[in-house]
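Below, each value reflects all heavy atoms present in this structure, side chains not excepted, and no hydrogens, waters or symmetry copies. This chain uses plain numbering: 1 for the first residue, then up along the sequence.
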Amino acid sequence: MADTDNRPALAGRVTSHAIWSDDGRRLAEFYAAALGSEVSEAYRDEQGREAAFPVRAGETMFIFWTAASFKAPEWPQDELVFHMDIAFDGVEAAEQRLVELGARKPGHQPGGEHWTVLLDPSGQPFCISAG
């Protein structure tokens, strides 16, 4: 979208992606393992409880928040709040390892041979494909 009112164009950078779940630490540990990373020191809430768990993957930071009111989408019926696609060189081995880490493979697989849908430990769908 072009700026037509002679103001300087914006050039923001995404610094992180925040993802909510019922257990932020568990989800952070899952995606850290999937992305070959580690969970960094947790951010604390106003009461001093660990509430958000950062994971850096290359230049991208993901922050996994614990939200008491979180409800996983009923996929594929519900619209998704977020979606992540992850590519692996050995996609079949990655799928097996992700399931061992707590992912589930739903019956609905719209990607055919192009991608596989998995549900992360919080019940949110993400896709894996060949790198």
Side-chain angles (χ1 to χ4, degrees):
M1 181 169 107
D3 232 341
T4 58
D5 63 4
N6 295 326
R7 291 184 287 178
L10 296 174
R13 294 183 328 275
V14 175
T15 59
S16 67
H17 302 275
I19 301 167
W20 280 255
S21 76
D22 56 345
D23 185 342
R25 176 173 292 283
R26 168 98 169 95
L27 201 59
E29 289 170 351
F30 174 81
Y31 280 108
L35 299 170
S37 187
E38 295 180 359
V39 180
S40 299
E41 184 176 342
Y43 299 120
R44 297 186 177 275
D45 65 13
E46 295 81 15
Q47 288 75 39
R49 297 177 300 227
E50 290 184 338
F53 305 88
V55 173
R56 181 170 295 283
E59 296 295 314
T60 304
M61 175 72 78
F62 297 94
I63 302 174
F64 298 91
W65 288 87
T66 298
S69 63
F70 174 79
K71 181 181 178 299
E74 292 292 328
W75 188 81
Q77 303 88 285
D78 293 348
E79 292 183 357
L80 302 179
V81 176
F82 94 98
H83 181 79
M84 190 180 308
D85 295 316
I86 305 174
F88 294 94
D89 290 334
V91 73
E92 290 177 14
E95 178 182 331
Q96 180 178 349
R97 180 67 179 123
L98 292 166
V99 168
E100 291 170 1
L101 290 167
R104 292 174 294 142
K105 186 174 181 179
H108 183 65
Q109 292 293 325
E113 295 181 16
H114 302 287
W115 68 83
T116 299
V117 178
L118 297 176
L119 303 178
D120 70 24
S122 73
Q124 299 180 82
F126 67 103
C127 292
I128 61 172
S129 61

Test side-chain contact (heavy atoms from CB on, under 4.5 Å) applied to Ser16 - qualifying residues, sequence neighbours left out:
Met61, Ile63
Group every Ile, Leu, Val, Met, Phe, Trp and Tyr by side-chain heavy-atom contacts under 4.5 Å, then state whether Phe30 and Phe82 land in the same group.
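The answer is yes; both residues are in one hydrophobic cluster.
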So, using ring pair (Phe, Tyr, Trp, His ring centres under 6.0 Å) as the criterion, who are the partners of [X] when residues are at least two apart?
X: His108; result: Trp75
X: Phe53; result: none
X: Phe70; result: none
X: His83; result: none

What pairs meet the salt bridge (Lys or Arg N to Asp or Glu O under 4.0 Å) rule with one or both residues in residues 90-99, with sequence neighbours excluded?
Glu95-Lys105, Arg97-Glu100
In short, salt bridge (Lys or Arg N to Asp or Glu O under 4.0 Å) pairs touching residues 45-61 with sequence neighbours left out are Arg25-Glu50, Arg44-Glu50, Asp45-Arg49
Once side-chain hydrogen bond (donor to acceptor under 3.5 Å, both in side chains) is applied, what residue pairs with a partner in residues 64-73 remain, sequence neighbours excluded?
none
Where do Ala57 and Leu35 come nearest, in terms of heavy atoms and distance?
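Between these two residues, the closest heavy atoms are CB-CD1, 3.9 Å.
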To check you understand the geometry: which heavy-atom pair defines the closest contact between Pro106 and Leu118, and what is its length?
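Smallest heavy-atom distance, with atoms named: CD-CA, 4.0 Å.
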Could you give the side-chain donor-acceptor pairs of residues 120-131 under 3.5 Å, partners two or more places apart or in another chain?
| unit_1 | atom_1 | unit_2 | atom_2 | d |
| --- | --- | --- | --- | --- |
| Asp120 | OD1 | Ser122 | N | 2.8 |
| Asp120 | OD1 | Ser122 | OG | 2.6 |
| Asp120 | OD1 | Gly123 | N | 3.2 |
| Asp120 | OD1 | Gln124 | N | 3.1 |
| Asp120 | OD2 | Tyr31 | OH | 2.9 |
| Ser122 | OG | Gln124 | NE2 | 2.9 |
| Gln124 | NE2 | Trp20 | O | 3.1 |

So does Asp85 have more than 12 non-hydrogen atoms from other groups sitting under 6.0 Å from CG?
yes
Greater than 12 external heavy atoms within 6.0 Å of Gln77's CD
yes
Kindly indicate whether the side chain of Trp115, heavy atoms from C-beta on, has any atom under 4.5 Å from the side chain of Gln109.
no
Please round to the nearest 0.5 Å and tell me the distance separating atom CZ of Phe64 and atom CG of Leu27.
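Spacing of CZ (Phe64) from CG (Leu27) equals 5.0 Å.
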Rounded distance (nearest 0.5 Å) linking atom OG1 of Thr116 with atom CG of Leu98:
10.5 Å
